[in-house]
Amino acid sequence: QVQLVESGGGLVQPGGSLRLSCAASGSIFSIYVMGWYRQAPGKQRELVARITSGGTPNYANSMKDRFTISKDNAKNTAYLQMNSLKPEDTAVYYCNLNNYQSVYWGQGTQVTVSS
């Protein structure tokens with residue numbers, strides 16, 4: 001089992017920044033992919049970014065210029081730095097870990113971009 005705990009969401013004005021964190025614990029294994037997905041009201045969950053255990057990032061095309069995914073191996077924690085936030089970035093952001101045996105999800109953290 002793997003547990004994922006997200007933090008860092010909140011209310012931010014357009015143009016602002018937030019950094020989300022996802023702390024993983026449990027049976028992570030050495031090869032995995034951690035990612036961030038988001039789901040806005042009335043919309044399907046979509047990929048934001050993901051990063052392999054080796055550190056290779058991958059982004060959704062619409063977010064690669066404003067968002068940066070990273071991870072701290074010592075802390076088993078992934079981060080999502082979000083800059084130049086727009087109202088359309090408002091969503092619940094979910095952390096995801098795939099260790100090629102199972103897929104795990106965090107509980108989600110709300111990000112609201114509004115003036």
Side-chain angles (χ1 to χ4, degrees):
Q1 277 293 91
V2 172
Q3 294 77 43
L4 302 174
V5 179
E6 300 118 329
S7 60
L11 174 65
V12 63
Q13 292 187 342
S17 298
L18 280 176
R19 189 176 82 153
L20 306 182
S21 299
C22 174
S25 60
S27 302
I28 300 169
F29 302 129
S30 60
I31 300 176
Y32 58 87
V33 178
M34 286 186 77
W36 289 96
Y37 291 72
R38 70 183 187 185
Q39 188 167 19
K43 295 188 176 181
Q44 289 189 333
R45 192 172 297 189
E46 62 176 348
L47 172 69
V48 176
R50 54 193 171 198
I51 188 166
T52 68
S53 49
T56 302
N58 176 258
Y59 298 92
N61 284 337
S62 62
M63 300 171 217
K64 64 193 308 181
D65 293 333
R66 298 184 294 121
F67 294 0
T68 302
I69 190 169
S70 61
K71 66 185 183 69
D72 183 329
N73 290 333
K75 297 180 179 180
N76 287 328
T77 299
Y79 304 97
L80 184 68
Q81 178 67 42
M82 304 186 293
N83 299 326
S84 302
L85 283 162
K86 305 174 182 179
E88 50 265 42
D89 294 317
T90 295
V92 178
Y93 284 70
Y94 295 92
C95 181
N96 166 283
L97 186 145
N98 181 348
N99 63 8
Y100 300 101
Q101 291 200 2
S102 295
V103 177
Y104 301 92
W105 292 92
Q107 80 284 357
T109 185
Q110 177 70 46
V111 171
T112 302
V113 185
S114 175
S115 55

Open item on the list: Suppose the criterion is disulfide bond (SG atoms under 2.5 Å apart): which pairs have a residue in residues 1-77, not counting sequence neighbours?
Closed with: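 For residues 1-77, and leaving out neighbouring residues, the disulfide bond (SG atoms under 2.5 Å apart) pairs sorted by first residue read Cys22-Cys95.
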Which atom pairs, one a donor and one an acceptor, fall under 3.5 Å between side chains of residues 84-93 and the rest of the protein, sequence neighbours left out?
| from | atom 1 | to | atom 2 | distance (Å) |
| --- | --- | --- | --- | --- |
| Asp89 | OD1 | Arg38 | NH1 | 2.9 |
| Asp89 | OD1 | Arg66 | NH2 | 3.0 |
| Asp89 | OD2 | Arg66 | NH1 | 2.7 |
| Asp89 | OD2 | Arg66 | NH2 | 3.4 |
| Asp89 | OD2 | Lys86 | N | 2.7 |
| Thr90 | OG1 | Pro87 | O | 2.9 |
| Thr90 | OG1 | Val113 | N | 2.9 |
| Tyr93 | OH | Arg38 | NH1 | 3.0 |
| Tyr93 | OH | Asp89 | O | 2.6 |

Open item on the list: Show me the pairs that pass salt bridge (Lys or Arg N to Asp or Glu O under 4.0 Å) and involve residues 100-111, at least two apart or across chains.
Closed with: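 Salt bridge (Lys or Arg N to Asp or Glu O under 4.0 Å) check on residues 100-111 returns no pairs.
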Open item on the list: Filter on side-chain hydrogen bond (donor to acceptor under 3.5 Å, both in side chains), then keep only pairs touching residues 105-115, sequence neighbours left out; what's left?
Closed with: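 Matches after skipping sequence neighbours: Glu6-Gln107, Gln110-Thr112.
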With [X] via side chain to side chain contact (heavy atoms under 4.5 Å, CB included) - residues at least two apart:
X: Thr56; result: Thr52
X: Ile51; result: Met34, Ile69, Lys71
X: Gln44; result: none
X: Ser70; result: Tyr79

Open item on the list: Any non-hydrogen side-chain atom of Tyr94 less than 4.5 Å from a side-chain atom of Leu4?
Closed with: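 Tyr94 does not reach Leu4 side chain to side chain.
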Open item on the list: Is the shortest side-chain heavy-atom distance between Leu47 and Asn96 below 4.5 Å?
Closed with: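 Heavy-atom side-chain distance check fails, nothing below 4.5 Å.
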Open item on the list: Under the criterion side-chain contact (heavy atoms from CB on, under 4.5 Å), I'd like the reasoning laid out for Asn58 against Val33: C-alpha separation, chi angles, the key distance, then a yes or no.
Closed with: CA-CA 10 Å; Asn58 176 258; Val33 178; over 6 Å; no
TODO: Please confirm whether the backbone N or O of Ser102 pairs with a side-chain atom of Asn99, one donor and one acceptor, at under 3.5 Å?
DONE: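 Checking the backbone N and O of Ser102 against the side chain of Asn99, a donor-acceptor pair under 3.5 Å is found.
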Open item on the list: Once side chain to side chain donor-acceptor pair (under 3.5 Å) is applied, do any residues pair with Asn83, and if so which ones, sequence neighbours excluded?
Closed with: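 If we apply the side chain to side chain donor-acceptor pair (under 3.5 Å) test to Asn83, skipping adjacent residues, the hits are Ser17, Gln81.
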Task: Gap separating the CD atom of Glu46 from the CD atom of Gln39, nearest 0.5 angstrom - done: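 Answer rounded to 0.5 Å: 9.5 Å.
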- [ ] Search all heavy atoms of Asn73 against all heavy atoms of Ser53 and return the closest pair with its distance.
- [x]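 Smallest interatomic distance, heavy atoms only, reads OD1-O, 4.4 Å.
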TODO: Using a cut-off of 6.0 Å, state whether more than 12 heavy atoms not belonging to Leu11 lie near its atom CG.
DONE: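 Buried by this count: over 12 neighbours within 6.0 Å.
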- [ ] Answer with yes or no whether the hydrophobic clustering places Trp36 together with Tyr104; edges join I, L, V, M, F, W, Y residues whose side-chain heavy atoms lie under 4.5 Å apart.
- [x]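 Hydrophobic grouping puts Trp36 with Tyr104.
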- [ ] Verify the cluster assignment for Tyr37 and Val103: are they in a single hydrophobic cluster under the rule of side-chain heavy atoms below 4.5 Å apart?
- [x]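 Yes; tracing contacts between hydrophobic side chains, which count when under 4.5 Å, links both residues.
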